[in-house]
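The structure appears below as structure tokens.
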Amino acid sequence: MARLVVKSGGEERVFEAISAITTIGRSSENMLEIDDINSSRYHCEVIQTDKGYVLKDLDSRNGTLVNGKFVSRTVLKPGDRIEIGQTQILFEDEGKSKFETVDISTRIREDSGKLPAVDFDIGREEQLIKLLEINMALSGELNLQKLLELIMDTVVDVIGGERGFLILEEDGKLNVKVSRNIDRESIKKPDFKVSHSIAADVFKGGSPLIASDALEDDRFSSYMSVYGLKLRSVLAAPLKIKNRTVGVIYVDNRFERDVFQPSKMQLLEYLASQAAVAIDNARLFEENERKQQDLERKSEELDALNRRLVARVEQTSHQLEEERTKISGRQSLFKNDYSAIITRDQKMHDIFKMLDKVIETNVPVLIQGESGTGKELIARAIHFNSPRKDKPFVSENCAAIPETLLESEFFGYMKGAFTGAVTDKQGLFEVADKGTLFLDEIAEMAPSMQTKFLRVLQEGEIRRLGGKNIINVDVRLISATNKDLFKRTQDKNFREDLFYRLNVITVTLPPLRDRKDDIPILVNHFLTSIAQKTETEKREIDPKAMDMLFGYDWPGNVRELGNEIERAVALSRDLIKPEHLSRSISPTRRFRPIGVGVRTLKEIVAEAVDEVERETISEVLERTGWHKTKTSSLLGISRPTLDAKIEKYDLKRKGSE
């Protein structure tokens with residue numbers, strides 16, 4: 001009985017399951033797997049014959065030694081020592097094996113690379129078996145990146161060569177996705193190490209290419225990459241999916257001529273065919289996984305979304321008015337009147353409670369918040385609830401005043417102070433005396449003006465431009481900004497001492513996206529206000545339209561919502577529908593089906609799938625310039641199917657409407 005005794009890392013194990021063909025190597029697919037970094041994935045094999053056992057090296061990277069000598073094929077004798085890297089394998093044979101024998105007389109001779117017409121070539125049989133094994137391994141890997149790496153490792157093991165590259169077409173360009181050098185390591189900056197011209201020839205021609213010496217080949221005489229890389233042997237084959245080339249497998253050798261024989265080209269073509277099918281399967285699997293995850297995520301959101309949305313959209317106009325009345329009644333919760341600010345949000349209520357404590361004081365207030373959050377409404381609430389309510393409330397935007405006019409606007413001027421000063425004029429501080437001065441966009445105030453402004457806040461005195469008399473003023477200052485004023489002080493764009501003068505009390509307003517429960521009552525408020533101003537019937541709003549308003553993030557906040565409602569009212573008659581809303585609003589949250597109990601989950605999911613299909617087809621059509629043949633190819637559907645989808649979804653080319 002023949003057996004193999006494996007010695008590695010101080011351990012010894014016996015392999016007695018020698019069969020007709022016993023493969024040895026690092027891959028777990030071998031019958032005898034050895035854990036040795038110097039071993040190739042498929043390193044060598046022991047073949048049982050009627051005359052004994054034959055060892056054959058499988059073009060391994062580091063070679064196979066028997067009794068200290070490198071061999072490609074040899075008949076094993078009892079006691080022979082096989083060496084693979086640091087691993088030693090002792091061959092023992094106590095007699096004739098009981099396993100069936102195979103006549104491999106044709107195998108031991110040099111392979112001709114051609115399949116004989118009658119005498120079956122066992123070497124070719126092994127090659128076919130190996131191709132089947134490779135096909136099984138490739139088809140079993142559905143992670144695209146891992147698959148590409150497996151393909152390249154397989155090509156390097158089977159085909160050989162100094163370097164190998166797997167190149168795929170993406171957005172009209174050929175990109176190297178995986179690369180390997182002679183040591184099976186990834187190549188740094190692989191896109192600069194491959195002849196893209198040769199790869200493009202194979203990609204466009206759709207046929208394999210072999211070159212014995214690329215530098216001397218007339219086909220590549222104009223290819224600078226061939227000379228720059230000093231290429232000698234080159235072998236490349238196209239990756240084809242359904243008669244469409246999607247990439248190229250490319251191997252080369254910069255130092256040796258005639259490395260690749262025609263039989264290797266045929267083998268690479270077989271491998272490329274298998275690899276292309278595996279890549280297509282992996283891509284489809286990952287695409288289906290993404291779609292499934294999207295559908296699952298949307299399904300998980302449905303219950304939570306519907307609980308919130310149904311409560312909103314089922315409210316009638318009467319119910320919304322009742323809500324408005326309740327909100328007005330809540331003003332009793334606060335010391336002051338904030339009825340001009342439409343909200344039921346707890347964060348806003350917390351702001352009102354804080355304002356109750358500071359309104360009767362004279363301390364400066366800094367209001368921070370995004371544009372459209374209602375900073376001036378807060379400023380007015382502070383003024384008109386304070387002891388200064390009967391005095392002026394003066395509002396000014398610092399960014400709207402040219403720097404050259406800032407001083408005269410704030411401090412006033414005397415007649416003759418400059419050309420055009422024909423009369424004396426009060427500045428904003430004088431106008432707001434005993435009242436409130438509200439300065440919006442305070443962060444935009446010019447540095448030169450900040451110094452003069454600070455002096456007024458410290459001393460309560462101004463002097464008109466061109467004047468000599470000191471004028472005392474009593475003004476409560478409220479400032480606002482949509483910038484990070486503290487950061488501007490750190491960047492030396494705003495005076496630190498002025499910042500601390502303004503920032504005695506800070507009010508930070510939340511954006512509308514963080515207080516979405518206010519959207520229904522704000523919509524009702526705007527609809528009521530517009531109806532009163534225009535003396536028309538108050539519009540109703542369709543549940544789906546309200547759903548879209550609720551799902552949008554409102555970067556322009558309450559101001560943007562008010563403008564959107566005005567626009568929708570102008571475009572509608574009695575009912576505001578989704579088509580009356582801006583196009584920027586609906587795509588943000590597509591699948592927000594409502595009406596639980598009216599439609600089944602199957603109907604909801606079908607609608608979601610239709611929407612994804614419609615958007616995908618529309619996007620690909622636009623990307624290809626409405627080239628229908630190319631679009632159907634990219635989508636993997638027939639031209640008639642594409643035409644039917646275009647008609648079903650009433651798709652039109654942008655700009656053709």
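The structure displayed is predicted, hence computed values, not measured ones. Heads up: numbering here begins at 1 and tracks the sequence.
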Check your understanding: With sequence neighbours left out, which residue pairs that include part of residues 559-569 fulfil the side chain to side chain donor-acceptor pair (under 3.5 Å) condition?
Key ->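 Every pair satisfying side chain to side chain donor-acceptor pair (under 3.5 Å) with a residue in residues 559-569: Y552-E560, E564-S582.
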Exercise for review: List the steps and the verdict of side-chain contact (heavy atoms from CB on, under 4.5 Å) for S448 and K452.
Suggested key: CA-CA 7 Å; S448 59; K452 299 173 183 178; 5.9 Å; no
Identify the heavy atoms of [X] and [Y] that sit nearest to each other, and give their distance.
X    : Y    : answer
L581 : A568 : CD2-CB, 4.2 Å
F438 : S479 : CE1-C, 4.3 Å
K516 : D553 : NZ-OD1, 3.6 Å
I382 : I359 : O-CG2, 3.7 Å

State whether a side-chain donor-acceptor pair under 3.5 Å links [X] with [Y].
X    : Y    : answer
K375 : N482 : no
N397 : D440 : no
K425 : S408 : no
T451 : R495 : yes
Q292 : N288 : no
E613 : Y649 : yes
N362 : R388 : yes

Backbone of [Y] reached by a side-chain donor or acceptor of [X] within 3.5 Å:
X    : Y    : value
E286 : L144 : yes
R455 : I462 : no
R539 : S572 : yes
D345 : R515 : no
R476 : G435 : no
T534 : I530 : yes
N385 : D337 : yes
E169 : G172 : yes

Point to revise | Residues that R573 engages under side-chain contact (heavy atoms from CB on, under 4.5 Å), provided they are two or more places apart | key: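 side-chain contact (heavy atoms from CB on, under 4.5 Å) check on R573 returns nothing, list empty.
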Exercise for review: Any ring pair (Phe, Tyr, Trp, His ring centres under 6.0 Å) involving residues 449-471? Give me the pairs, sequence neighbours left out, ordered by first then second residue.
Suggested key: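 Found F410-F453, F429-F453.
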Exercise for review: Given ring pair (Phe, Tyr, Trp, His ring centres under 6.0 Å), test F334 with H349 step by step and report yes or no.
Suggested key: CA-CA 9 Å; F334 310 110; H349 288 178; 5.4 Å; yes
Exercise for review: Determine, using ring centers only, whether Y338 and F352 are less than 6.0 Å apart.
Suggested key: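 Yes, the ring centres sit under 6.0 Å apart.
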Check your understanding: After noting the C-alpha distance and the side-chain angles of I565 and L549, does the key distance pass the side-chain contact (heavy atoms from CB on, under 4.5 Å) rule?
Key -> CA-CA 10 Å; I565 297 302; L549 295 176; 4.0 Å; yes
Review point. Can you say whether the rings of F384 and F393 are parallel (under 30°), tilted (30 to 60°) or perpendicular (over 60°)?
Key: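 Taking F393 first and then F384, their aromatic rings sit tilted (interplane angle of 30° to 60°).
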